[in-house]
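One structure is given here, and the rest of the page talks about it.
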Amino acid sequence: MTQASDMPQRRSFARIGHFVATRRKLVFDYLSAISGAGGRLVFSLAYFVALANTLSIAEFGIMLSRILAFGFISALYRTATIRPNLIGTFTAGFLLLGVLSLPFLAAASYIVYLIFFAGTVPLSAFAAIVFAEALLWRPVEVALIVNNGLGKFGRAAVLAILATALRAVGAILFMLAAQHTIGVWSLFYIGANAASLIVAFAFFYPRQRLRLRAELYFRRLADSIYVAGSEVLFYLQMEFDKLLVLSIGGPHLAGIYAIIMRLVDLTAIPIRTFSMMLVQRMMRAPELLSRLAVKSGIEGGVFLVSMLALASLGIVLHFFPNALGRNVAEAAPLVALAICVPGLRNLVEYQAELLFARGQTAVRAINLGLLAGLKAVLLTYVLTTIADTANLVLSLNIVFLLLYLASTLLTYSAMRRPAKAI
């Protein structure tokens, strides 16, 4: 009798124990992943300080690197998350498509050079930077996303810290060099990224036999191209923002805008870690965010964490204006005025990741295009109507609020449709 009455209680304790164990693993995984993001943030700050005081030319290498393999890195990520036994097969596909994409990468790079850098940057230096970013650093990101897809967040964190530290060391050595030209920097950049690539594939990439299965790759090529297009558009609109501010507001305002947006981008590092883990879960369970309470709770958390991150940076810069370099000191008093921008911007990026998780990559690309156009219109309006720099920075909160509302409408309307099977 006593044994029978104890059975429900034991089952309750077992369920509680299972719940705690599951959440404990989730928390441990997040802490492992966020440790990589934290370490990456530290070295990104060092990298930022070094380059903020030595280089004034925008680098398009990150954007152009998304063309490599026609964005097939997204298919490799899904494979690592859902079908890890096919990593070797899809790695072979990435290498094959990487080679096939080289003429397109070269053509796009030359067009970008002609539009933005001809006459100001030597072609050899620009080509060296694109080479370092696309053919050396982008494969390091492949190793990172494969480890994250496999749930090996600790290994990914260690690799992220090591790779970012190597780039920071390269930037600091360049800062200490006798010459601070873009040509000299390109040599340091190649060396740092090459060292990161060797470390990534010698010690961190899973060992699987490479097998070519072309029918698998071309079946997923359209989805990969949508993802690549979205990422190119994301980075292109950021650079276009700077050019827009430069053409309307002048070089002084453009410099302040670029610095503030770079600081805003730093606040996204912990948010991207969370988004990455959520995306992985949504790949396996697309209806994870079906409840309004869950959606609003997550978005509220993203906004709060982002806002607190910029507030912390603002406090540091208030007391130590030169903490991130002399160029940043001038913009330091204005950072706090953009207090809501990080949360709203990070939410737009988070919502785009939800569509990626559900396989709605074509809709994601269209949405990002619409938002880029809306952002250009809004920025043009505030730049032509507000003359005072402080008020203009303050108005960015309204600009990004309108972008967030538009993104919310587009994203959650699309999420009413069934998720695409991958």
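Computed from a predicted model, the values in this text were never measured in an experiment. Residue numbers run from 1 in the order of the sequence given.
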Do you know which two heavy atoms are closest between [X] and [Y], and how far apart they sit?
X      : Y      : value
Leu368 : Ala352 : CD2-CB, 4.3 Å
Ile339 : Asn397 : N-OD1, 3.7 Å
Leu64  : Leu105 : O-CD1, 3.1 Å
Ser275 : Tyr350 : OG-CD1, 3.6 Å
Ala160 : Leu144 : N-CD2, 3.6 Å
Ile87  : Pro206 : CG2-CG, 4.2 Å

So do the side chains of [X] and [Y] get within less than 4.5 Å of each other, counting heavy atoms only?
X      : Y      : value
Leu278 : Ile298 : yes
Cys340 : Leu401 : no
Leu253 : Leu392 : yes
Val112 : Phe126 : yes
Phe153 : Asn148 : yes
Leu344 : Val348 : no
Val146 : Thr91  : no
Leu135 : Leu102 : yes

Ring center gap for Tyr189 and Phe174 short of 6.0 angstrom: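 Not under 6.0 Å, so no.
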Might you confirm whether atom [atom1] of [X] has over 12 heavy atoms from other residues, nucleotides or ligands at distances under 6.0 Å?
X      : atom1 : value
Phe104 : CZ    : no
Arg416 : CZ    : no
Phe204 : CZ    : yes
Phe203 : CZ    : no
Tyr110 : OH    : no

Cationic tip of Arg78 above Phe356 ring, under 6.0 Å, 45° of axis: yes
Side chain to side chain contact (heavy atoms under 4.5 Å, CB included) between Val341 and Leu310, worked out: CA-CA 9 Å; Val341 171; Leu310 189 71; 5.7 Å; no
Going from [atom1] on [X] to [atom2] on [Y], what distance comes out if it is rounded to the nearest 0.5 angstrom?
X      : Y      : atom1 : atom2 : result
Ser101 : Leu68  : OG    : CG    : 4.5 Å
Thr81  : Leu76  : OG1   : CG    : 9.5 Å
Asn193 : Ile198 : CG    : CD1   : 11.5 Å
Leu337 : Asn391 : CG    : CG    : 8.5 Å
Tyr412 : Leu355 : OH    : CG    : 9.0 Å
Met415 : Met282 : CE    : CE    : 4.5 Å

Stepwise side chain to side chain contact (heavy atoms under 4.5 Å, CB included) check, Phe90 with Arg220: CA-CA 11 Å; Phe90 277 75; Arg220 291 163 174 80; 3.5 Å; yes
Check against side chain to side chain contact (heavy atoms under 4.5 Å, CB included), Thr380 and Ile248: CA-CA 8 Å; Thr380 301; Ile248 299 176; 4.0 Å; yes
Salt bridge flag under 4.0 Å for residues Glu349 and Arg345: yes
Arg167 bridged to Glu133 by N-O distance under 4.0 Å: yes
Please answer whether the main-chain N or O of [Y] pairs with a side-chain N or O of [X] as donor and acceptor at a distance below 3.5 Å.
X      : Y      : result
Gln280 : Gly151 : no
Ser247 : Leu244 : yes
Tyr226 : Ala222 : no

Positive for side chain to side chain contact (heavy atoms under 4.5 Å, CB included) with Ser74, one of Val227, Thr79, Ile225, Ile145: Val227
Side chain to side chain contact (heavy atoms under 4.5 Å, CB included) partner of Ser413, the single match among Thr411, Leu410, Leu409: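 Of all the options given, the one that passes is Leu409.
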Residue pairs involving residues 398-409 (criterion side-chain hydrogen bond (donor to acceptor under 3.5 Å, both in side chains); sequence neighbours excluded):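 For residues 398-409, and leaving out neighbouring residues, the side-chain hydrogen bond (donor to acceptor under 3.5 Å, both in side chains) pairs sorted by first residue read Glu299-Tyr404, Gln351-Ser407, Gln351-Thr408.
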Worked check of side chain to side chain contact (heavy atoms under 4.5 Å, CB included) between Val245 and Ile256: CA-CA 10 Å; Val245 177; Ile256 291 175; over 6 Å; no
